[in-house]
Each structure stands twice: as C-alpha cells, then as structure tokens.
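Once you've had a glance at the structure underneath, I'll fire off some questions.
A, B, ... follow the sequence lines: proteins, then strands. Residue 1 opens every chain.
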Amino acid sequence: MSETIIKLEHVTKSYGSHNVLTDVNMQVNKGDIYGLIGKNGAGKTTIFKMILGLSEKNSGTVSIDGSKNNRELMANRNKIGFLVGTKFYGYLNAKNNLKYFATIKGIPSKQINAEIERVLEIVGLKGVKTPFKGFSLGMQQRLGIANAILGNPELLILDEPTNGLDPQGIADVRNMIKRFREEFGMTVIVSSHILGELEHTADRFGFINEGTVLREITLDDLKEKQPAVEIAVDDLEKAKKVLSENGIKILREVEEKSSLEDFYFNLIGGKANE
Amino acid sequence: MSRLIKADLLRTLKRHTFYVWAVVIWIIAFFIGGFQNYAEEQIQSEMSSLRLMCPLIVSIPTFLIVYGSDVKTGTIQCVVGRGISRSKVVYAKFIESVLFIAFYYTILCTSLHIKNSIIEVGITATQTLSLSLYILALFLCTVGYLAFSAFFFYLSWNTAVGIIGICFISMMLPPLFMAAQTHFKIPVSDMSYTGLLLKAYNDINVGSFPSTALVALIYLFAAVRITATVFERKEIEF
C-alpha cells in the first residue's frame with residue numbers, strides 16, 4: 001500500500017456564513033502526481049493554503065507525512081515546496097530572490113549558489129539578471145516553480161502553474177512536472193481548471209466543486225469508465241464494413257480534429273510532449 | 001527564526017532605499033540643533049530637536065524597510081508556508097527593527113559627533129556622555145514606538161495603519177498624556193513608556209539606578225508578546 005504524504009479529513013472552512021470548504025476528505029500518496037480539478041473559486045487554493053498553514057481550518061484534521069500533532073505538522077511543512085501565486089521582491093533579480101528563500105529554507109550557505117544555478121537552469125531562467133519587477137508573467141511563473149523546487153522538497157504544491165503561460169510555456173511546465181517525479185522523486189499536487197492540462201500530467205485526480213471534494217480517481221479508473229479505444233485507419237469505410245460484418249455495432253462516431261495545441265505546435269515546430 | 005532574520009538582513013543590504021535613508025538621516029542629524037555659540041546651549045538645542053525629530057526620522061524608514069515590502073509583495077506567505085510560525089515572524093521582525101534602528105542611530109550619532117567636533121564650542125566629555133545617554137533613551141523610545149505600532153500593523157495588515165500608528169504614538173500621545181496628567185492629576189505621562197525612559201535618563205544623570213527603564217522594558221516585551229498572539233490568531237489572507 002502506498003504511503004500517504006497528505007491527508008485531509010473532514011476539513012471545513014468558512015468565512016462568516018460563507019462556506020468555502022465543506023467536509024473535505026483528500027489523500028495524496030507518495031510518488032503521486034495528483035491533479036486537483038475544479039473551476040475558479042471551487043476551493044483549490046484554500047485547500048493548499050490550509051496545507052501550508054496560510055489559512056486556519058474551522059474543523060477537521062490536516063496531516064503532512066504522518067504528522068500527529070501541530071508541532072510535527074509545522075516541522076513537516078519544510079518538506080513542501082510550493083507555488084501559490086508569485087510572491088517575490090521586485091527590486092531583487094531571480095538569483096537574489098531565490099537566495100532569500102534558500103536562506104529561510106535552511107540550505108547551507110556553501111550550497112546556496114550551486115542550488116540556485118541548478119533550479120534556474122531547470123526552469124530556463126539561468127543568466128537572467130533583470131529585477132523581478134521587469135519579469136513577464138511567464139518568467140514570474142518559472143521563478144515561482146524554481147522557488148518551489150529549491151532544496152528538492154519531498155512534496156511540491158503547484159497552484160495553477162500554467163496561468164499566464166503561452167502554449168510553449170504550458171508544455172514546458174507539463175514536462176517539468178513529470179521530470180520532478182521521475183528524476184527527483186517528488187510527489188506533486190497540481191491544480192488547474194483546465195482538464196486537458198492535467199490529463200497529460202497527473203495520474204490521480206481529485207474533483208472539487210463548491211468546496212467539496214466530490215471524488216478521487218486514478219488514471220486507470222478513468223480508462224475503465226470509458227470502454228472505448230481510438231484507432232486510426234487508412235480506409236474508414238472498409239473498417240466500418242469489417243466491423244459490421246463481424247457483428248460489432250458502431251455506437252458512436254466522432255470526427256477527430258486537430259486540437260488547437262497540436263495545430264500550434266505543428267505550425268511553430270515546437271513540442272507539446274517529450 | 002534566525003534564518004529569517006539573516007535572510008531579511010541580507011536582502012535589505014541590497015536595497016537602495018536603505019542607504020538613501022542612511023544618508024538622509026546623516027544630513028538631518030548634522031543640522032539638528034543648529035549651530036549655537038555655547039556648549040550648553042548647543043547640547044540643549046540638540047536634545048530638544050532630537051526628541052522632536054528622532055523617533056520619526058528613524059522609525060518611519062525602519063518600519064518601511066522591515067514591514068512595508070512584506071505586505072506589498074506578499075512574500076510573508078512563503079515564510080509562513082515554509083513552517084516558520086507567525087509568532088516567530090513577529091519576534092524576528094522585532095529583532096530586525098531593533099538592529100536597523102541601532103544602525104540608523106549610529107549614523108545619527110556619528111553625524112552629531114562630527115558636527116560637534118567641527119563647531120568648536122568647547123563641549124566637554126560629560127556633556128557628550130549626557131547627550132549619548134539621552135540618545136540611548138531616544139533609541140529605546142523609537143524601538144518601543146515601532147513595537148507598539150507593529151501591533152496595529154499586524155492587526156490591520158496595512159502599512160499605512162502602521163505609519164499612522166508611529167506618528168500618533170510618537171507625536172500625539174506624549175503631549176496628550178502630559179495634558180491629561182496636568183489636568184486630571186494622574187501620572188499617565190510619568191507612567192507612559194516615554195515618561196519612564198526619560199525618568200531613567202534623569203536618574204542616571206543624578207547618579208541613581210534607572211529602575212523605571214526596567215518597567216519600560218516590561219511594557220515593550222509585553223507589547224511584542226501581545227502582537228505575536230494577535231497575529232497568531234488573526235485570519236490574514238496573504
């Protein structure tokens with residue numbers, strides 16, 4: 001059985017009479033890429049803030065890596081790297097901003113520079129000297145991810161990491177997330193309101209709506225629920241005839257179009273998936 | 001907590017405004033009290049001007065440096081999210097403010113000392129010592145004003161409220177207490193933070209033990225503790 005790294009049980013949060021989270025139960029196992037899906041305002045960011053201690057719950061329990069009390073919970077938060085909005089000092093460049101957070105994180109002084117170079121290279125910001133206030137939205141997101149992976153945290157929380165990114169940026173982030181698990185062994189929780197985005201990245205999903213996690217499924221569950229395969233043939237009419245001759249009914253026929261993303265990447269010669 | 005202090009100090013050293021304020025304070029201090037003809041007159045003039053201006057010209061830049069950018073950028077979210085408790089954030093910021101106030105007061109003292117050496121009005125060692133003690137009392141006043149206004153800042157999570165708090169506590173409260181003391185014959189001014197520290201200064205000058213300074217320090221640490229509790233319990237959306 002997989003080891004649990006994040007567990008939320010019966011978590012409730014409200015502001016006055018407005019319920020933001022209602023009886024939220026959620027479990028993330030070590031090694032998962034967990035996609036938290038929900039529309040804007042569904043409660044995704046609030047769940048993250050609760051895990052990170054940025055917002056207090058009204059009731060229920062939050063456990064990080066098996067923490068049993070508040071002291072352990074606080075200590076285990078240092079195992080988390082996170083991107084919940086891009087919060088940096090405008091007058092500092094990428095390197096100095098990361099130096100600040102690396103110091104807080106307790107990365108030894110002698111290792112800080114090498115670690116910063118490493119994460120900046122991963123996110124493609126190596127050599128950028130501009131102060132943060134001059135960063136584009138995409139660069140801000142990349143720096144946010146660099147900050148999140150400082151010191152190779154066990155768990156990575158990414159709240160809408162592709163917000164404001166162009167298609168190439170979205171594809172890069174998607175690849176980075178996979179790399180974080182495969183190369184660095186991180187567990188990743190990533191939220192989005194764009195379904196297609198998570199389908200390419202995550203292997204477990206939590207669906208949240210109006211402050212309640214409705215269901216958690218795996219990628220395999222998703223396949224089981226759709227007993228259909230997609231095949232490409234060179235002669236569609238002949239294929240239909242063969243199926244019909246063998247007593248197989250065609251229940252549904254979908255005309256496939258290239259997605260906008262595919263079209264874009266074909267056009268510019270970039271890569272959506274590596 | 002020490003990691004946060006170290007990170008904040010290193011970050012501030014890269015900030016231009018930190019040095020700009022230092023230069024501004026140096027210049028203001030040089031002209032504080034003007035240029036009198038006699039030593040005693042010079043010292044008295046400097047003391048009264050320092051009391052009027054010092055807490056403001058030091059505490060406002062310190063407040064902006066220590067607290068201002070955290071609200072503006074929201075970076076405090078990354079600090080709390082990394083497992084540093086809110087009370088530790090309050091203590092760390094308090095220690096940082098003491099360090100920055102000490103730095104700016106050192107700049108101020110250096111400027112005053114250079115001026116007093118140049119003007120050659122025959123200031124004695126005793127007068128210099130008395131002025132230094134007075135500045136020490138003002139240093140503690142400034143630390144207190146900042147700590148008290150930090151309470152309002154954490155309560156509102158708004159830099160402007162903190163600045164207004166500093167102005168109110170350092171400029172308006174002392175004369176209000178004084179008026180209340182005179183009018184109602186209750187020692188509110190004597191028992192106030194500023195009153196206790198000035199009493200301690202006078203005690204030292206006449207060779208007595210400055211016991212009232214201890215009471216002032218109790219006020220100070222109680223304020224920091226209360227602020228930490230308030231911030232710990234307050235729901236703030238970073």
Side-chain angles (χ1 to χ4, degrees), chain A residues 13-16 20 45-46 48-58 64 67 70-93 95-109 112 131-133 144 147-148 150-151 153 157, chain B residues 1-21 61 64-93 95-96 99 154-155 157 159 228-238:
Chain A
K13 171 76 187 172
S14 59
Y15 295 103
V20 184
T45 305
T46 308
F48 289 158
K49 284 187 173 178
M50 216 146 277
I51 294 170
L52 296 167
L54 301 174
S55 186
E56 287 301 314
K57 58 189 184 309
N58 294 116
I64 301 171
S67 62
N70 208 35
R71 197 190 171 97
E72 285 179 13
L73 182 72
M74 291 284 286
N76 286 350
R77 284 203 176 110
N78 209 29
K79 297 177 180 179
I80 305 176
F82 61 93
L83 165 72
V84 182
T86 46
K87 320 278 187 182
F88 293 102
Y89 291 101
Y91 59 92
L92 295 179
N93 61 22
K95 202 171 172 180
N96 286 329
N97 263 303
L98 292 180
K99 243 180 205 173
Y100 176 75
F101 292 111
T103 307
I104 289 172
K105 206 169 166 58
I107 296 172
S109 310
I112 283 182
F132 179 75
K133 62 185 170 200
N147 183 28
L150 265 178
I157 291 177
Chain B
M1 190 167 82
S2 59
R3 296 197 305 242
L4 174 60
I5 295 170
K6 185 182 169 189
D8 272 340
L9 294 181
L10 291 173
R11 170 178 66 78
T12 305
L13 292 179
K14 294 189 179 80
R15 201 172 173 184
H16 296 139
T17 45
F18 171 69
Y19 301 102
V20 171
W21 279 115
L64 289 172
I65 283 168
V66 175
Y67 300 101
S69 48
D70 285 344
V71 176
K72 198 175 160 192
T73 60
T75 41
I76 199 81
Q77 170 185 292
C78 299
V79 175
V80 177
R82 290 232 148 92
I84 296 176
S85 70
R86 291 178 185 217
S87 53
K88 280 184 180 170
V89 170
V90 172
Y91 297 141
K93 295 286 175 186
I95 293 168
E96 284 169 33
L99 293 174
Y154 283 112
L155 200 65
W157 200 242
T159 313
T229 309
V230 165
F231 190 48
E232 199 74 55
R233 292 179 185 174
K234 188 168 169 57
E235 183 71 50
I236 292 174
E237 282 299 322
F238 296 117

Review point. Considering only heavy atoms, which portion of B:S2 lies under 4.5 Å from any heavy atom of chain A: side chain, backbone, both, or neither?
Key: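 Neither part.
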Study note, to complete from the structure: Looking only at B:K6, B:M1, B:R11, most heavy-atom pairs under 4.5 Å shared with chain A are made by B:R11
Exercise for review: Check whether A:S109 gets within reach of chain B through its side chain, its backbone, both or neither, counting any heavy atom under 4.5 Å.
Suggested key: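 Side chain only.
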Exercise for review: Tell me, for B:I84 versus chain A, whether the close heavy atoms (under 4.5 Å) come from the side chain, the backbone, both or neither.
Suggested key: both
Review point. Is chain B contacted by the side chain of A:I104, its backbone, both, or neither, given a heavy-atom distance below 4.5 Å?
Key: both
Point to revise | Heavy-atom pair of closest approach, residues B:K14 and A:N96 | key: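 Minimum heavy-atom separation between B:K14 and A:N96: CE-OD1, 3.3 Å.
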Practice item. Using a cut-off of 6.0 Å, state whether more than 12 heavy atoms not belonging to B:K88 lie near its atom NZ. Key: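 Result for NZ/B:K88: open.
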**Study point:** side-chain contact (heavy atoms from CB on, under 4.5 Å) assessment of A:Y91 paired with B:R15
**Key:** CA-CA 7 Å; A:Y91 59 92; B:R15 201 172 173 184; 3.6 Å; yes
Point to revise | A:F88 versus chain B, the contacting section by heavy-atom distance below 4.5 Å | key: backbone
Point to revise | Spacing of OH belonging to A:Y100 relative to CG belonging to B:L4, to within rounding of 0.5 Å | key: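 Result: 5.0 Å between the selected atoms.
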Point to revise | Donor on one side chain, acceptor on other, A:Y89 and B:S69, under 3.5 Å | key: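 Absent: no donor and acceptor within the cut-off.
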Practice item. Tell me the residues of residues 71-78 of chain A whose non-hydrogen atoms fall below 4.5 Å from those of chain B, in number order. Key: A:M74, A:R77, A:N78
